[in-house]
There are 2 protein chains.
Amino acid sequence: MSVLSGKWKFHILGTLIEGDKLGFMDLMREIEGIGTKMLSKELQDLEMNQLITRTVMNTKPVTVQYAITKHGKTLEPIIKELAKWGAAYRDSMTAS
Amino acid sequence: MSVLSGKWKFHILGTLIEGDKLGFMDLMREIEGIGTKMLSKELQDLEMNQLITRTVMNTKPVTVQYAITKHGKTLEPIIKELAKWGAAYRDSMTAS
DNA sequence: CAGAATCCATGCCGATACTG
DNA sequence: CAGTATCGGCATGGATTCTG
């Protein structure tokens with residue numbers, strides 16, 4: 001299941017699930033810490049695996065929209081669980 | 001949530017959840033493909049994060065038992081989901 | 001059996017600069 | 001805006017060997 005490898009895949013998918021239809025810059029802003037290279041690479045991976053779609057708009061400064069596919073949505077419960085678990089995990093660590 | 005990074009963490013956790021109390025060799029056999037270095041390293045990671053326990057037995061050739069902790073069990077639903085998803089994903093790819 | 005140690009290849013991932 | 005190109009560091013992870 002190396003489909004979900006990479007530091008950012010889950011985060012990207014999560015962001016895309018919440019806010020449908022996001023542009024490149026939107027993702028950059030939401031994810032915080034990722035660079036253009038990583039983002040575009042991860043995006044390509046996800047597109048290849050048909051978890052997201054990439055749509056180039058015919059506007060002036062050129063915009064692109066990324067969105068979750070039906071297939072990608074099947075990951076929603078997992079991502080939600082993962083997010084919950086992550087939060088709970090952090091809490092339990094506050095015994096520092 | 002880089003706690004779950006590394007290629008094998010999920011697989012190890014999954015194996016440990018199904019078959020409670022496994023030795024080093026058991027894991028090697030179950031996981032197939034992993035080497036002693038990776039296995040012991042991942043195991044240490046997981047122990048540090050308190051997801052598994054490591055118990056050294058006082059037997060002749062020395063055996064060690066690894067087991068899931070209560071904390072680790074909270075990951076069970078996620079791992080199960082992930083496994084299901086992985087299977088479904090593979091199926092959907094059989095449109096090659 | 002359990003694992004640490006060593007050596008080494010791959011590639012992940014980051015910063016910066018450049019293109020359409 | 002949305003990337004690609006390039007350079008390079010550092011971590012990941014594999015094969016093999018060695019220890020208690």
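Proteins get letters first, then strands, A, B, ... in listed order; numbering begins at 1 in each.
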message: What is the distance, to the nearest angstrom, from the CG atom on Leu22(B) to the P atom on dC1(C)?
response: 15 Å
- line: When rounded to the nearest 0.5 Å, the distance separating CG of Asp26(A) from CZ of Phe24(A) is 11.0 Å
query: So which pairs with a foot in residues 8-23 of chain A pass salt bridge (Lys or Arg N to Asp or Glu O under 4.0 Å), sequence neighbours left out?
result: Lys9(A)-Glu42(A), Lys9(A)-Asp45(A)
query: Please walk me through it: do Phe10(B) and Ile79(B) pass side-chain contact (heavy atoms from CB on, under 4.5 Å)?
result: CA-CA 7 Å; Phe10(B) 280 110; Ile79(B) 293 182; 4.0 Å; yes
Rounded distance (Å) that lies between atom C1' of dA2(D) and atom CG of Asp26(A): 12 Å
query: Within the structure, does a side-chain N or O atom of Thr36(B) lie under 4.0 Å from either OP1 or OP2 of dA2(C)?
result: no
- request: Using atom CH2 of Trp8(B) as one end and atom C1' of dA11(D) as the other, report the distance to the nearest whole Å.
  value: 17 Å
- prompt: Side-chain donor-acceptor pair under 3.5 Å between Tyr89(A) and Asn49(B), yes or no?
  reply: yes
Separation of atom CE in Met38(A) from atom C1' in dA2(D), rounded to whole Å: 16 Å
query: Quick one: the side chain of Lys7(B) and the base of dG13(D), do they pair up donor-acceptor inside 3.5 Å?
result: no
task: Let me know the distance between CZ of Phe24(A) and P of dG20(C), rounded to the nearest Å.
output: 17 Å
task: Kindly assign one of parallel, tilted or perpendicular to the pair His71(A) and Trp85(B), based on the angle between their ring planes and the thresholds 30° and 60°.
output: perpendicular
message: Rounding to an integer number of Å, can you tell me how far Lys37(B) NZ sits from dA11(D) C1'?
response: 10 Å
field: Gap between atom OG1 of Thr74(A) and atom CD1 of Ile68(A) - 0.5 Å precision
entry: 8.5 Å
field: Length of the CG-P vector between Leu39(B) and dT12(D), whole Å
entry: 16 Å
statement: Among dG3(D), dA2(C), dG14(D), the one nearest any side-chain atom of Met25(B) is dA2(C)
- line: Per the under-4.0 Å heavy-atom filter, residues of residues 41-69 of chain A near DNA chain D come out as Gln44(A), Arg54(A), Pro61(A), Val62(A), Thr63(A), Val64(A), Tyr66(A)
message: Evaluate Leu4(A) against Ile78(A) for side-chain contact (heavy atoms from CB on, under 4.5 Å), listing each step before the verdict.
response: CA-CA 12 Å; Leu4(A) 302 168; Ile78(A) 298 176; over 6 Å; no
task: To the nearest 0.5 angstrom, please state how far the CD atom of Glu32(A) sits from the NE2 atom of His11(A).
output: 9.0 Å
- prompt: For Ile34(A) and dA2(D), what is the distance between atoms CD1 and P respectively, to the nearest whole Å?
  reply: 14 Å
From Ile52(A) atom CD1 to Leu43(A) atom CG, the distance as rounded to the nearest 0.5 Å: 4.0 Å
- prompt: Does any residue of residues 11-20 of chain B have a heavy atom under 4.0 Å from DNA chain C, and if so, which ones, in number order?
  reply: none
